[in-house]
Amino acid sequence: MKKNSSENNLIVSLDIGTTKIVTIVGYRNENGLIDILGWGKGDSNGVEFGEIKNIFQTVDGIMISKQNAINQAGFDIEQFPVYVGVAGHHVKTSKYKHYRYRYGIEEPIGLEEIEQLREEVEKVNLPPGEKLIDVIPQSYLIDNEREVSNPIGELGHTVMGTYQLITGKESEINKIIRCGKGADLDFQEIVLEPIASSISCLTEDEKQRGVALIDIGGGTTDLIIYVNGNPVFTKVIAFGGNTITSDIAQVCSISRDTAEKLKIQHGTCIVDKSNQNNLITIPKNPVPVQISEHYLAQIINARVEHDIIGAVKNEIDNSGYANMVTNCGIVLTGGGAQLKHLKELVQFKTGFTTRIGIPENGFEKNIPSDLKKSMYATALGLLKYGAEEEYGVDEPSSNDDVEEPGRKPRPSRPETWGFFDKVRIFLKERIEQVS
């Protein structure tokens, strides 16, 4: 092995996606960059729309992915810390409004009343299996007419608080942990997938100035916004690349596998970019089917423009951070980002500058070319996240500064990630409770 690739430095990442399961083993080298020693991929037959539906099938996919990574690396990986991703819709944000009536009270609104208002919100009924992680005040409305950020000292008969609720699906997260145990992997931490993708695709300058990352996976599309270096907003759109494939399969009465090949080889999301004179022949019993490239583009555009791009734009506009996103625009990643002309359509429909995010930040240039694709942004981001959590990001200036094996340096991240700190604590607690 190379220098600094000793057992004490090795990290494993596991991405359990809707279309694939990926395992990567690597380390942080003496240059402070992540080097890959082995990686593997397995089929994801037990996952639908980002949720584990079949434990056994998912474990089988993990085992195949893990073994492929072991074969490449040349050694077992079960003793190393594993960082696994969790789909964004398992931890979600939602708005909640709550009234407090003050009729007959002539005193100004006090801190105690506002705290009581929040405590009442914390008792909100949630769907079975969900847990409240945090309640974040957004604004207050006095007497249905005056909106303020701080109501203390205001006079009024009613006060309505608007809150952001952060909730997590305990049952779904428990499934991920069970699958890890079934595959003999010891999870060190569960990480939100959009956070991981951001780490591998976004620059620090983008995160500071304001940027939106859109991760288009097979089952869902994750949106996450960064401002001042911190993640401040996240949302999940319930459509992804598989949705487009299903549309093609249904409209053309063909198999999903054939529809996926059509989408990749001939598809575009901009109708005017298609070749209207090109007829595509699809082998099918008893008679082959023909479809025009123009018609295929219409099928793809109908889903992409309205349900994915339109939904993303609506979420950004309503997030409260749209003015900050204008600074660095949108970064597209995930397998769905490979759809032809998607960057141009997103830029045209949202008005934000747009680029395709390739997972390169913090990695050696000689990592396998097959991994330098947006579809592996989450898996590579998990690996980099793990390296930073275990060993920090400071580069040693001399041999005297090299960390002793097993000794962790000071934390490498900002002291606060806003409400995502609460999310991280919640996910760590799930590992401890299920273990």
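The first residue of the sequence shown is numbered 1, and numbering continues consecutively from there.
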Is the side chain of [X] donor-acceptor paired with the backbone N or O of [Y] at a distance under 3.5 Å, no angle test?
| X | Y | answer |
| --- | --- | --- |
| N29 | G32 | yes |
| E206 | T203 | yes |
| T221 | F239 | yes |
| T245 | E260 | no |
| N318 | N314 | yes |
| Q138 | T162 | no |
| T333 | A377 | no |
| N301 | C269 | yes |
| K175 | I52 | yes |
| T258 | I254 | no |

Within this structure, what is the [atom1]-[atom2] distance for the pair [X] and [Y], rounded to the nearest 0.5 Å?
| X | Y | atom1 | atom2 | value |
| --- | --- | --- | --- | --- |
| L132 | F426 | CG | CZ | 10.0 Å |
| D215 | T220 | CG | OG1 | 8.0 Å |
| N323 | I316 | CG | CD1 | 12.0 Å |
| S198 | E193 | OG | CD | 11.5 Å |
| L339 | I244 | CG | CD1 | 5.5 Å |
| I270 | E305 | CD1 | CD | 9.0 Å |

>> As a quick check of understanding, evaluate side-chain contact (heavy atoms from CB on, under 4.5 Å) for N68 and T23, giving each step before the final call.
In response: CA-CA 8 Å; N68 288 335; T23 302; over 6 Å; no
Tell me, yes or no, whether the heavy-atom count around [X] atom [atom1], taken from other residues, nucleotides or ligands under 6.0 Å, exceeds 12.
| X | atom1 | result |
| --- | --- | --- |
| D184 | CG | yes |
| Y96 | OH | yes |
| Q250 | CD | no |

Looking only at the side chains, is there a donor atom on one of [X] and [Y] sitting less than 3.5 Å from an acceptor on the other?
| X | Y | value |
| --- | --- | --- |
| T243 | R303 | no |
| Q208 | N228 | no |
| N174 | R430 | yes |
| K41 | S65 | no |
| N361 | S200 | no |
| S197 | T378 | yes |

Can you tell if the side chain of [X] reaches within under 4.5 Å of the side chain of [Y], non-hydrogen atoms only?
| X | Y | answer |
| --- | --- | --- |
| I237 | D307 | no |
| L202 | V331 | yes |
| E48 | T18 | no |
| F75 | I70 | no |
| L165 | V135 | yes |
| L14 | V22 | no |
| V47 | T58 | yes |
| Y163 | L117 | yes |

Measure across [X] and [Y] and return the closest heavy-atom pair with its distance rounded to 0.1 Å.
| X | Y | value |
| --- | --- | --- |
| I64 | G42 | CG2-CA, 4.2 Å |
| S94 | K235 | CA-NZ, 4.3 Å |
| L332 | K343 | CD1-CA, 3.9 Å |
| F352 | T354 | O-OG1, 3.0 Å |
| V25 | A73 | CG1-CB, 3.9 Å |
| T19 | S44 | C-CB, 3.8 Å |

N-O pairing of [X] and [Y] below 4.0 Å:
| X | Y | result |
| --- | --- | --- |
| D317 | K313 | yes |
| D134 | R118 | yes |
| E204 | K207 | yes |
| E360 | K372 | no |
| R424 | E189 | yes |

> With a distance cut-off below 6.0 Å to the six-membered ring centre and an angular limit of 45° from the axis, does K428 pair with F187 as a cation-pi contact?
Replying inline: no
>> Apply side chain to side chain donor-acceptor pair (under 3.5 Å) to residues Q67 and N71 and explain how you reach the verdict.
In response: CA-CA 6 Å; Q67 190 57 52; N71 293 342; 2.9 Å; yes
> When you look at M324 and R209, which way does the side-chain contact (heavy atoms from CB on, under 4.5 Å) test go after all the steps?
Replying inline: CA-CA 7 Å; M324 299 300 294; R209 295 175 57 201; over 6 Å; no
>> Here's a test for you: under side chain to side chain contact (heavy atoms under 4.5 Å, CB included), which of L223, I224, D222, L342 qualifies with I214?
In response: L223
> Is there a side-chain contact (heavy atoms from CB on, under 4.5 Å) between Q164 and F233 once you walk through the steps?
Replying inline: CA-CA 10 Å; Q164 189 176 38; F233 180 85; 4.1 Å; yes
> E390 and Y83: side chain to side chain donor-acceptor pair (under 3.5 Å), yes or no, with the steps?
Replying inline: CA-CA 11 Å; E390 294 290 325; Y83 287 78; 2.6 Å; yes
>> Pair V423, L192 - check side-chain contact (heavy atoms from CB on, under 4.5 Å), show working.
In response: CA-CA 9 Å; V423 174; L192 276 179; 4.0 Å; yes
> Hey, mind stepping through K169 and E51 against salt bridge (Lys or Arg N to Asp or Glu O under 4.0 Å) and telling me if it holds?
Replying inline: CA-CA 11 Å; K169 289 186 178 180; E51 293 190 1; 3.2 Å; yes
Scan the side chains in residues 292-299 for donor-acceptor partners under 3.5 Å anywhere in the protein, sequence neighbours excluded, and list what turns up.
from	atom 1	to	atom 2	distance (Å)
S292	OG	Y295	N	3.0
E293	OE1	N278	ND2	2.8
E293	OE2	N275	N	2.9
H294	ND1	S274	OG	3.4

> For Y99, what residues pass the side chain to side chain donor-acceptor pair (under 3.5 Å) criterion, not counting sequence neighbours?
Replying inline: N144
